[in-house]
Amino acid sequence: MDHNSSETKKVVTRFAPSPTGFMHIGGVRTALFAYLYARKNNGTFILRIEDTDKEREVPGSIDHIQNSLRWLGITWDYGPGMETPFGSCIQSERLPLYIEFAHKLIEKGLAYPDPYTPEEVAAFKETAIAEKRPFLIRDHRPESFCTWDGTKPLRLKVPEIKRYVWQDVVRGELSAGPEMLDDVVLIKSDGYPTYNFAHIIDDLLMGVTHIMRADEFISSMPKFLSIYDALEIPYPVFVTLPPILRDDRTKKLGKRDGAKDILDYRADGYLPSAMMNFLALTGWNPGTEQEVFSHDELITAFDITKIQKAGAAFNEEKLLWMNRQHLNLLTPEEFATFLTPAIPASFKSAPQYNNETLARLVPTIRERINTLTEFQAEVEHGEYDWAFTAPTYDTDILKWKNDTDVKQARPRLQKALELLKNADFSSSETIKATLWPYAEEVGKGELLWPLRVCLSGKVQSPDPFTLAYTIGQLETLARIQSACDKIGE
RNA sequence: GGUCCCAUCGUCUAACGGCUAGGACAUCAGGUUUUCAUCCUGAAAAUCGGAGUUCGAUUCUCCGUGGGAUCACCA
């Protein structure tokens with residue numbers, strides 16, 4: 001049998017999740033690598049649903065998986081509900097195929113019904129543990145096989161007990177001893193196939209050439225390989241992906257260990273392009289110093305030989321940085337579209353709210369956030385209250401640090417008021433041009449500090465030119481006047 | 001415990017067996033016209049340990065150590 005079928009076939013990859021809940025970072029990264037490799041090679045990418053465990057199935061998962069992939073821009077050529085040359089992409093709709101292949105193995109004498117009850121199997125296992133030796137069901141394989149009526153689990157008769165050695169694109173040569181080889185269940189007593197069996201049949205029938213999956217499957221490889229051998233079918237190319245570790249590196253990132261639903265990142269205001277870029281860079285690198293990639297650039301740059309062996313910790317801070325990089329790539333219009341759904345109702349109910357002011361405020365927001373969640377947190381802290389509400393503040397904070405009395409600010413504000421009455425408010429630059437000569441004359445902090453504070457009401461805020469431009473001339477003049485009044489004599 | 005995998009700054013990573021081990025995030029320090037933010041510049045920061053091969057080892061081999069995965073009628 002030829003296990004190195006190296007003739008150039010069209011690349012076919014697949015992502016094969018089980019519908020047992022939401023998708024997290026790890027699952028999506030696996031999907032991404034399979035997708036990138038297929039696209040890179042003008043191949044086919046299949047989304048296959050492995051729903052052979054009806055106990056664990058979570059309703060709605062299939063939609064959720066598809067929505068997650070769509071959000072990221074990962075498209076599939078064949079998937080659930082689609083017309084394909086190989087039948088359904090949902091395993092529960094392919095049951096007759098698995099049974100057919102099971103019978104092939106039975107005919108070859110390489111599969112047999114398990115004669116034991118679950119209790120008996122458990123007893124064998126207990127004995128083995130007590131005797132401190134590995135438990136292998138094949139040690140209890142019956143002398144002769146009875147016929148399979150479908151009510152008992154169907155087990156593989158491992159064709160050859162041996163050490164398996166195989167090639168992996170990422171890890172190189174791998175091997176495992178015969179202890180890892182056993183008569184695995186192919187078809188469960190409920191008539192559904194196990195993952196072990198079903199994925200191999202489907203990969204064969206769907207023409208899958210490259211299998212990308214996480215390294216938790218390495219230890220099962222001898223079992224898989226023995227099934228390929230029993231079926232006498234060639235191995236696909238194995239591409240083992242490194243695990244994504246929790247940020248403290250103590251263990252693999254998983255649903256029980258704080259891994260978030262990938263769609264939560266959408267809700268938090270991450271861009272799909274940033275998430276894709278970030279995911280691509282955990283466990284892979286382009287070999288250059290480029291770090292920011294668009295979707296198309298990733299496809300071009302992707303190279304499976306540069307996938308890492310070692311696990312990578314999930315670094316949320318770098319994801320934040322990545323999101324900013326991608327935010328920076330947006331046009332002003334795209335950014336406004338991105339931001340709009342997150343604008344809180346409190347903005348619209350503020351006394352001076354209007355769309356023009358909001359439009360002038362957006363660039364300021366853009367400069368200060370990495371995600372929409374950050375924007376919402378800033379809004380909650382009142383960071384942008386000045387835009388639509390005349391500020392209230394203690395007169396004291398108008399005092400510049402070099403002054404001895406807040407009253408010293410008053411003549412400067414009055415001068416600014418005078419200058420701004422005839423100023424060009426078409427941009428923050430023109431406002432700055434109007435005030436700058438006087439600021440240099442009287443001292444920058446001496447003018448700019450009280451001016452900024454009286455416009456924002458805050459010790460920390462954007463610069464006064466931006467504030468004035470955003471709130472407009474009338475409101476600017478009113479707020480300066482109000483400050484002068486507050487200071488009094 | 002058995003089996004297997006992995007190991008470069010705190011984190012993600014680069015380095016045909018050959019410059020001073022490079023870049024990014026985070027951190028710290030300066031600067032960018034007043035504060036915050038942005039931006040720029042700079043600094044500190046790593047080859048897990050021990051043998052071996054070699055003129056020369058982050059790189060190859062072995063041992064140790066550490067971490068991870070897996071041992072289901074789950075995928």
Side-chain angles (χ1 to χ4, degrees), chain A residues 16-20 50-53 55-56 114 118 121 125 129 132-137 152-155 168 171 174-182 184-196 198-199 213-223 240 242-243 245 247-252 278 281-292 306 308-322 324 328 364-369 378 383 397 400-402 432 436 439-440 443-453 456 458-464 466:
Chain A
S18 59
T20 51
E50 310 218 323
D51 59 338
T52 55
D53 183 355
E55 294 285 312
R56 292 203 317 151
D114 186 338
V121 175
K125 192 170 183 175
I129 290 169
K132 292 191 170 157
R133 54 181 172 81
F135 167 66
L136 292 167
I137 192 77
K152 289 277 191 181
L154 186 74
R155 287 187 183 274
D168 185 283
R171 308 289 177 111
L174 296 174
S175 67
E179 309 80 12
M180 295 309 294
L181 218 42
D182 203 3
V184 291
V185 170
L186 304 173
I187 306 286
K188 296 179 272 184
S189 57
D190 63 4
Y192 283 82
T194 58
Y195 166 81
N196 300 332
H199 89 272
R213 62 184 157 203
D215 68 350
E216 72 223 40
F217 289 98
I218 290 183
S219 54
S220 306
M221 279 299 286
K223 289 167 185 161
T240 295
L245 276 15
D247 57 1
D248 57 6
R249 293 194 62 99
T250 54
K251 53 159 50 173
K252 214 181 107 158
F278 173 77
L281 257 28
T282 101
W284 172 81
N285 77 87
T288 65
E289 289 188 352
Q290 182 180 357
E291 298 215 56
V292 179
K306 289 191 158 63
Q308 298 293 319
K309 289 188 182 74
F314 175 64
N315 185 344
E316 195 135 12
E317 286 190 317
K318 191 146 189 179
L319 171 60
L320 220 46
W321 171 83
M322 185 63 81
R324 170 167 278 283
N328 289 346
T364 302
I365 295 170
R366 178 172 186 157
E367 185 180 284
R368 311 169 88 81
I369 63 165
E378 289 184 350
E383 294 292 322
I397 66 171
W400 173 237
K401 64 182 178 185
N402 294 345
K432 178 178 168 185
W436 199 246
E440 294 211 297
K444 290 168 218 156
E446 278 75 2
L447 172 66
L448 269 19
W449 176 272
L451 183 59
R452 189 177 57 71
V453 170
S456 68
K458 300 174 77 66
V459 176
Q460 296 178 345
S461 77
D463 67 80
T466 300

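The C1' atoms of B/G67 and B/C74 are separated by 25 Å, rounded to the nearest whole Å. Nucleotides B/C71 and B/A21 place their C1' atoms 40 Å apart, quoted to the nearest Å. The gap from the C1' atom of B/C28 to that of B/C9 amounts to 15 Å, rounded to the nearest Å.
Between A/Trp321 and B/C25 there is a side-chain polar atom (N or O) within less than 4.0 angstrom of OP1 or OP2. A/Lys125 has a side-chain polar atom (N or O) that falls below the 4.0 Å cut-off from OP1 or OP2 of B/A72. At the phosphate of B/C74, OP1 or OP2 sits under 4.0 Å from a side-chain N or O atom of A/Lys188.
The environment of A/Gln290 atom CD is dense: over 12 non-hydrogen atoms of other residues, nucleotides or ligands sit within 6.0 angstrom. Annotation: A/Lys251, atom NZ; neighbour count of heavy atoms from other residues, nucleotides and ligands within 6.0 Å does not exceed 12.
Closest approach to the A/Glu179 side chain among B/A26, B/U11, B/U3 is made by B/U3 (side chain taken as heavy atoms from C-beta onward). Set against B/U3, B/C12, B/A7, the side chain of A/Met180 has B/U3 as its closest nucleotide.
Atom CZ in A/Phe314 sits roughly 16 Å away from atom P in B/U11 (whole-Å rounding). In this structure, A/Phe278 places its CZ atom 10 Å from P of B/U13, rounding to the nearest Å. One atom, CZ of A/Arg249, and another, P of B/C9, lie 9 Å apart when rounded to the nearest Å.
Contacts of A/Pro153 with the nucleic acid, taken as non-hydrogen atoms under 4.0 Å apart, include base atoms. Across all strands, A/Phe135 comes closer than 4.0 Å to no nucleic acid atom at all (heavy-atom distances). Contacts of A/Asp114 with the nucleic acid, taken as non-hydrogen atoms under 4.0 Å apart, are absent. Using a 4.0 Å heavy-atom distance criterion, A/Glu50 is classed as a sugar-phosphate-only contact.
B/U11 is paired with B/A24 under the criterion used here, namely a Watson-Crick or G-U wobble arrangement in which both key atom distances are under 3.5 Å. Figure legend. B/A69 is base-paired to B/U3; pairs are counted as Watson-Crick or G-U wobble with both atom distances under 3.5 Å.
Taking only distance into account, the side chain of A/Ser189 meets the base of B/C73 through a donor-acceptor pair shorter than 3.5 Å.
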